[in-house]
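Excluded from the calculations below are hydrogen atoms, water molecules and symmetry mates; all remaining heavy atoms, backbone and side chain alike, are included.
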Amino acid sequence: MSEKPDPNDFHTDTLAIRWAQLRTDEMSHSDPIFLTSSFVYDSAAQAAARFAGDEPGNVYSRFTNPTVRAFEERLAAMEGGEQCQALASGMAAISSTFFALLAPGDHVVSSRSVFGTTNVIYNRYLKKFNIDTTLVDLDDLDQWRAAIRPETKMLFLETPSNPLSEVGDIEALARLAHDNGALLVVDNCFCTPALQKPIALGADLVIHSATKYIDGQGRCLGGAVVGPAELVKEVHGFVRSAGPSLSPFNAWVFLKGLETLGLRMKAHSANTLELARWLEQQPGIAKVHYAGLESHPQHALAARQQSGFGAVLAIEVEDSDGRADRQAAWRFIDGTELLSITANLGDVKSTITHPGSTTHGRVDADEKKRAGITDNLIRIAVGLEDVDDLKRDLTRGIKALGF
């Protein structure tokens, strides 16, 4: 593309492949990797201008790198945001957003259904800077409304949530945030822009763990923040100084991941919906949590604001004697052979984990209970294997329960 057109003229799948392509004088068709820590200048005056920000261009790969910039521009276009800041991990994206945009005395209202480490940030680190957090049920707008104070500066949520696939009403929460002078920040990790566009629904900022579906094959760590330039520039300033930067190599991997994101998310979603419907009919499965099921309490909302239901489901298990505890969950997990026992997700390989002792292991027991993280809960991140093979493997887990 010799002249940069309007990204709104293209579909998301086209942007994922063609937007912000890097071309050097070698005219390679695939984006190159700029594996360099520093850059040289034509003169001392140019170096001074670059460092001062008076002239655009590369300075140092901690905060300016062509490969990282290409990933940022492509993801921003796909999300419908003005600017993107790439970071070293999803948690770097979350914590950098907090530290860049919040100040002592500020208040955050957050869904309690967030990744366990986000709760650690709230309770251990934001508190050190006198930033208070109130946790509410994701699907209860009255709780969100009641929790807001004059000092509330941010509403934060994941939708769908990890691991119970709860769904938050982005449009309603955006109105609530803006009516009270606060920002709405949405973690879009589970859907990606292939299935959900929070900014179009009113969100101010979108958070990603690029480690998950943007990569898609479990290779690299990375994160991103997308939104209006005014806000993202604040996050960029924090990254420039604090240094939670994305490496050029990882950015290149993510560029490749974006090219197939739409296809993969459709296939992931199809596999997961079929598996969720099958699991509902199996012995030992007390409950299936997946927004694609008509039995899910927020199915209609998910269908309205998402173009697909994603690839993460959770099940509550009980053994043939009626025990619904950690030991039953662990026996089910250990009974599988094909699924990978790991807490990561977003991979072409299906994974299985026990959230109560892994992803949410550091969460306070009472808060874990309020968030619905029970001892018999298992999370399955469905990959791209043949779904019949996945059913056969999960049947091994069911047999380990005594059925």
(request) Say whether, by atom type as modelled, one donor and one acceptor occur between the side chain of S165 and the main chain of Y290 under 3.5 angstrom. (result) no
(message) Check this for me: does any side-chain nitrogen of one of D169 and R304 sit under 4.0 Å from a carboxylate oxygen of the other?
(response) yes
(message) Quick check: H296 with F309 (ring centres under 6.0 Å apart)?
(response) no
(message) When you compare the side chain of W144 with that of L138, does any pair of heavy atoms fall below 4.5 Å?
(response) yes
(message) Regarding R277 and E294, does a basic nitrogen lie under 4.0 Å from an acidic carboxylate oxygen?
(response) yes
(message) If only side-chain N and O atoms count, and only distance matters, is there a donor-acceptor pair under 3.5 Å linking T353 with T358?
(response) yes
(message) How long is the straight-line distance from CG of N271 back to NZ of K391, given to the nearest 0.5 Å?
(response) 9.5 Å
(message) Looking at every non-hydrogen atom in both residues, tell me the closest pair between S96 and V235 and how far apart they are.
(response) CB-CG1, 4.2 Å
(request) May I ask you to decide if L313's main-chain N or O and H289's side chain share a donor-acceptor pair within less than 3.5 Å? (result) no
(request) Grab the two heavy atoms, one from H360 and one from P163, that are nearest each other, plus how far apart they are. (result) CE1-CD, 4.0 Å
(request) Could you tell me which residues satisfy side chain to side chain donor-acceptor pair (under 3.5 Å) with S30, sequence neighbours excluded, listed by chain and number? (result) K256
(request) Considering only NZ, NE, NH1 and NH2 on the basic side and carboxylate oxygens on the acidic side, decide whether R69 and E72 come within less than 4.0 Å. (result) no
(message) Can you confirm whether I352 sits close enough to R379 that some side-chain heavy atom of one is under 4.5 Å from a side-chain heavy atom of the other?
(response) no
(message) So, taking the atom named OG1 in T192 and the one named NE2 in H268, what distance separates them when rounded to the nearest 0.5 Å?
(response) 9.5 Å
(request) Determine whether I333 and H354 make a side-chain contact, defined as any pair of heavy atoms from C-beta on separated by less than 4.5 Å. (result) yes
(message) Assess the residue pair T133 and H107 against the criterion (side-chain hydrogen bond (donor to acceptor under 3.5 Å, both in side chains)); give the C-alpha distance rounded to whole Å, side-chain angles, the decisive distance to 0.1 Å, and a yes or no.
(response) CA-CA 6 Å; T133 305; H107 175 242; over 6 Å; no
(request) Would you check if T97 and I207 make a side-chain contact, meaning some heavy-atom pair closer than 4.5 Å? (result) yes
(message) Looking only at side-chain N and O atoms, does E55 offer a donor or acceptor that is under 3.5 Å from a partner on Q46?
(response) yes
(request) Over all heavy atoms of both residues, which pair between Q85 and V239 is shortest? Give the atoms and the distance, please. (result) NE2-CG1, 3.7 Å
(message) Atom CH2 of residue position W278 - does it have more than 12 heavy atoms of other residues, nucleotides or ligands inside 6.0 Å?
(response) yes
(request) Determine the minimum heavy-atom distance between D13 and K266, stating which atoms define it. (result) OD2-NZ, 3.7 Å
(message) Is it true that T14 and H11 share a donor-acceptor pair across their side chains at a distance under 3.5 Å?
(response) no
(request) Would you please indicate if the ring centroids of F99 and Y125 are separated by under 6.0 Å? (result) no
(message) What's the separation between atom CZ in R74 and atom CD1 in I17, rounded to the nearest 0.5 Å?
(response) 9.0 Å
(message) Could you check whether any side-chain heavy atom of T211 comes within less than 4.5 Å of a side-chain heavy atom of N344, counting everything from C-beta outward?
(response) yes
(message) Side chains of S110 and Y122: any donor to acceptor distance under 3.5 Å?
(response) yes
(request) Taking all non-hydrogen atoms of both residues into account, name the closest pair between W252 and P32 and its distance. (result) CD1-O, 3.8 Å
(request) State, yes or no, whether a side-chain contact exists between L205 and I199 at a heavy-atom distance under 4.5 Å. (result) no
(message) As an exercise, state the distance from OG of S340 to CG of L345, rounded to the nearest 0.5 Å.
(response) 12.5 Å
(message) Check this for me: does any side-chain nitrogen of one of R264 and D347 sit under 4.0 Å from a carboxylate oxygen of the other?
(response) no
(message) Donor-acceptor pair, distance only, cut-off 3.5 Å: does the side chain of N250 make one with the backbone of L221?
(response) yes
(request) Verify the neighbour count for atom NZ of K233: are there more than 12 heavy atoms of other residues, nucleotides or ligands below 6.0 Å? (result) no
(message) Under a 4.0 Å threshold between the charged nitrogen and the carboxylate oxygen, would R396 count as salt-bridged to D393?
(response) yes
(message) So that I can tick it off, tell me whether D142 and R145 are bridged by a salt bridge, with the cut-off set at under 4.0 angstrom between side-chain N and carboxylate O.
(response) yes
(request) Would you check if the side chain of Q282 reaches a backbone N or O of I398 as a donor-acceptor pair within less than 3.5 Å? (result) no
(message) Strictly below 4.0 Å, N to O, side chains only: are E367 and R112 in salt-bridge contact?
(response) yes
(message) What I want to find out is whether D31 reaches R23 closely enough, with some N-O distance under 4.0 Å, to be called a salt bridge.
(response) no
(message) Can you confirm whether Q83 sits close enough to E230 that some side-chain heavy atom of one is under 4.5 Å from a side-chain heavy atom of the other?
(response) no
(request) For residues F156 and F98, establish whether the separation of their ring centroids is below 6.0 Å. (result) yes
(request) Determine yes or no for a side-chain-to-main-chain donor-acceptor pair under 3.5 angstrom, with T336 supplying the side chain and L338 the backbone. (result) no
(message) Any carboxylate oxygen within less than 4.0 angstrom of a Lys/Arg side-chain nitrogen, looking at E280 and K287?
(response) no
(request) Evaluate the side-chain contact (heavy atoms from CB on, under 4.5 Å) criterion for residues F71 and I214: first the C-alpha distance (whole Å), next the side-chain angles of each, then the deciding distance (0.1 Å), finally the verdict. (result) CA-CA 11 Å; F71 168 63; I214 287 175; 4.0 Å; yes
(message) Less than 3.5 Å apart, any donor N or O on the side chain of H208 or E79 sitting next to an acceptor on the other?
(response) yes
(request) Check the side chains of T12 and K197 for a donor-acceptor pair under 3.5 angstrom, ignoring hydrogens and angles. (result) yes
(request) With side-chain contact (heavy atoms from CB on, under 4.5 Å) as the test, would you mind laying out the steps for V114 and N162 before giving the verdict? (result) CA-CA 6 Å; V114 293; N162 178 19; over 6 Å; no
(request) Under the side-chain contact (heavy atoms from CB on, under 4.5 Å) rule, what do L141 and L173 come out as? Steps first, then yes or no, please. (result) CA-CA 8 Å; L141 284 172; L173 288 170; 3.6 Å; yes
(request) Could you please spell out the steps behind the side-chain contact (heavy atoms from CB on, under 4.5 Å) verdict for Q305 and T159? (result) CA-CA 10 Å; Q305 69 183 21; T159 183; 3.8 Å; yes
(request) Taking atom CZ of F39 as the centre, report whether more than 12 heavy atoms of other residues, nucleotides or ligands fall under 6.0 Å from it. (result) yes
(message) If you count every heavy atom of other residues, nucleotides or ligands that lies below 6.0 Å from F63 atom CZ, does the total exceed 12?
(response) yes
(request) Please report the closest heavy-atom contact between V312 and T272, naming both atoms and the distance. (result) N-CG2, 4.2 Å
(request) Would you please name every residue forming a ring pair (Phe, Tyr, Trp, His ring centres under 6.0 Å) with F332, sequence neighbours left out? (result) none
(request) Report the distance from atom CG of N65 to atom CG of L246, rounding to the nearest 0.5 Å. (result) 9.0 Å
